[in-house]
Amino acid sequence: MELSFITSNPGKVKEARKYLEPLGVNVRQVNFGYPEIQADTLEEVAEYGVKWLSERIEGPFFLDDSGLFIESLMGFPGVYSAYVYKTLGIEGILKLLEGVTDRRAYFKSVIAYWDGKVHIFTGTVEGEITTEPIGSDGFGFDPIFRPSGFEKTFAEMTTEEKNRISHRGRALEAFAKWLKENLK
Ligand code: ITT
């Protein structure tokens, strides 16, 4: 079967394909902008987006709303991660954390799937923000995020390595399990 992944981010699509293609699901990237409302949680943003899209897009589809939550910044940039990435960027985050010793952070990913109603799948991964960007793979904040228990940043990992432990990998795993059980 074919599922549309509504996203502007090819890095997300690459990760999703690794999980869903083995199930026989062909993932098609559809770059169709949708409103990302200002809300307190990624779940609310994802749910609003999926409902808005359901009135404009045919067939089953899903989207992924993610964020980086930095403990010493009270969870910032969190739901504002896309905007902060585009404005402050990685260097801006490193500047905000200059001299800060508590560098704990986590990524969270919310996948919202629409098949006539909304199904939500989430995943998180804990780690820390490095003091400089390291690595050139992945996308977004990957060069400054080192998951707990690992020596490498996400940007130093292959897609497979990142998927095994990442927020999106966890959410995709739950989504894939659900698809397997429900698409028989
Ligand atoms: P779409 O909304 O079009 O899917 P986006 O890149 O804007 O793409 P999000 O709003 O979900 O996606 O992402 C918020 C920000 O967090 C964005 O700047 C991403 O680059 C970054 N981000 C999301 N997932 C990430 C990951 O796995 N590794 C590094 N950065 C990530």
Side-chain angles (χ1 to χ4, degrees), residues 3-20 27-53 56-57 61-70 73 75-94 96 105-114 120-130 133-148 150 152-173 175:
L3 284 186
S4 298
F5 186 177
I6 317 297
T7 179
S8 61
N9 186 329
K12 288 184 179 179
V13 179
K14 192 172 172 197
E15 293 176 9
R17 285 202 172 118
K18 298 261 184 211
Y19 254 98
L20 300 178
V27 178
R28 185 164 69 102
Q29 179 177 3
V30 177
N31 196 342
F32 192 110
Y34 58 90
E36 294 198 9
I37 55 159
Q38 203 169 341
D40 291 337
T41 65
L42 295 173
E43 282 87 346
E44 286 168 86
V45 180
E47 195 157 333
Y48 182 88
V50 106
K51 286 192 174 143
W52 186 90
L53 285 164
R56 293 158 177 89
I57 291 214
F61 63 86
F62 65 101
L63 56 80
D64 165 305
D65 198 44
S66 301
L68 175 65
F69 297 76
I70 299 174
L73 302 179
F76 183 82
V79 292
Y80 309 110
S81 294
Y83 180 72
V84 168
Y85 181 74
K86 277 182 231 138
T87 52
L88 297 179
I90 281 183
E91 290 302 332
I93 293 289
L94 291 178
L96 283 175
Y106 68 92
F107 264 120
K108 179 166 178 177
S109 182
V110 174
I111 290 178
Y113 174 61
W114 177 264
I120 298 277
F121 306 92
T122 64
T124 58
V125 58
E126 294 188 0
E128 58 178 16
I129 304 297
T130 54
I134 312 168
S136 55
D137 283 328
F139 62 91
F141 298 107
D142 280 345
I144 56 167
F145 185 84
R146 187 187 293 121
S148 301
F150 291 81
K152 299 195 270 191
T153 66
F154 273 163
E156 294 178 284
M157 296 184 178
T158 62
T159 304
E160 285 83 358
E161 282 176 299
K162 181 183 168 189
N163 261 351
R164 262 200 294 279
I165 53 174
S166 77
H167 50 311
R168 184 163 303 99
R170 300 282 65 76
L172 284 166
E173 190 180 27
F175 181 30

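Just follow the structure's listing: the first ligand is 1, and inside any ligand the first atom is 1. Quick caveat, the model's predicted, so the values are computed rather than measured.
- Considering backbone and side-chain atoms together, Phe107 places no N or O closer than 3.5 Å to any N or O of ligand 1.
- Taking CZ of Phe107 as the start and CZ of Phe141 as the end, the distance is 7.0 Å to the nearest 0.5 Å.
- The protein non-hydrogen atom at the shortest distance from atom 24 (N) of ligand 1 is Arg168 NH2, 2.9 Å.
- Every atom of ligand 1 is numbered from 1 in the order shown, and the set under 4.0 Å from a heavy atom of Asn9 is 6 (O), 8 (O).
- The shortest contact between atom 3 (O) of ligand 1 and any protein heavy atom is with Ser8 OG, 2.6 Å.
- Closest heavy-atom approach to atom 26 (C) of ligand 1 among the candidates Gln29, Lys12, Lys108, Lys162: Lys162.
- With respect to Phe145, the ring-ring contact (aromatic ring centres under 6.0 Å, His included) criterion is satisfied by exactly one of Tyr106, Phe139, Phe154: Phe154.
- Ser66 O, 3.7 Å is the protein heavy atom nearest to atom 13 (O) of ligand 1.
- The pair Lys12-Glu15 does not meet the salt-bridge criterion, since no charged nitrogen lies less than 4.0 angstrom from a carboxylate oxygen.
- Between Ile57 and Trp114, the closest side-chain pair of non-hydrogen atoms is not below 4.5 Å.
- Counting only heavy atoms from C-beta outward, the side chains of Ile93 and Pro77 approach each other to under 4.5 Å.
- At least one side-chain heavy atom of Thr122 sits less than 4.5 Å from a side-chain heavy atom of Lys108.
- When heavy-atom distances to ligand 1 are checked against a 4.0 Å cut-off, Phe139 comes that close through both its backbone and its side chain.
- The atoms of ligand 1 that sit less than 4.0 Å from any heavy atom of Thr7 are 1 (P), 3 (O), 4 (O), 8 (O).
- For ligand 1 and His167, the ligand atoms under 4.0 Å from any heavy atom of the residue are 24 (N), 25 (C), 26 (C), 27 (O).
- Closest approach of Ile90 to Pro133, counting heavy atoms only: CG2-CG, 4.2 Å.
- At least one side-chain heavy atom of Phe62 sits less than 4.5 Å from a side-chain heavy atom of Leu20.
- Near Ala82, with a cut-off below 4.0 Å to any heavy atom, the atoms of ligand 1 are 7 (O), 10 (O), 14 (C), 15 (C), 17 (C), 18 (O).
- The existence of a salt bridge linking Glu160 and Arg164 is excluded, since no basic side-chain nitrogen approaches an acidic carboxylate oxygen closer than 4.0 Å.
- For ligand 1, the atoms lying closer than 4.0 Å to a non-hydrogen atom of Asp65 are 10 (O), 11 (O).
- Numbered from 1 in the order shown, with element, the atoms of ligand 1 that lie under 4.0 Å from a heavy atom of Glu36 read 2 (O), 10 (O).
- When hydrogens are left out, the protein atom nearest atom 20 (O) of ligand 1 is Gly140 CA, 3.4 Å; that is the closest non-hydrogen contact.
- Note on Asp142 versus Lys162: salt bridge recorded, some NZ/NE/NH1/NH2 to OD/OE distance being below 4.0 Å.
- Nearest non-hydrogen protein atom to atom 18 (O) of ligand 1 is Tyr85 CB, 3.1 Å.
- Considering only non-hydrogen protein atoms, atom 30 (N) of ligand 1 sits nearest to Phe141 N, 2.9 Å.
- Close approach of ligand 1 to Asp64 is summarised as follows: ligand atoms under 4.0 Å from at least one heavy atom of the residue are 4 (O), 11 (O).
- Of all the atoms in ligand 1, the ones that sit under 4.0 Å from a non-hydrogen atom of Asp142 are 26 (C), 28 (N), 29 (C).
- Side-chain contact between Glu44 and Glu47 is absent, with no heavy-atom pair separated by less than 4.5 Å.
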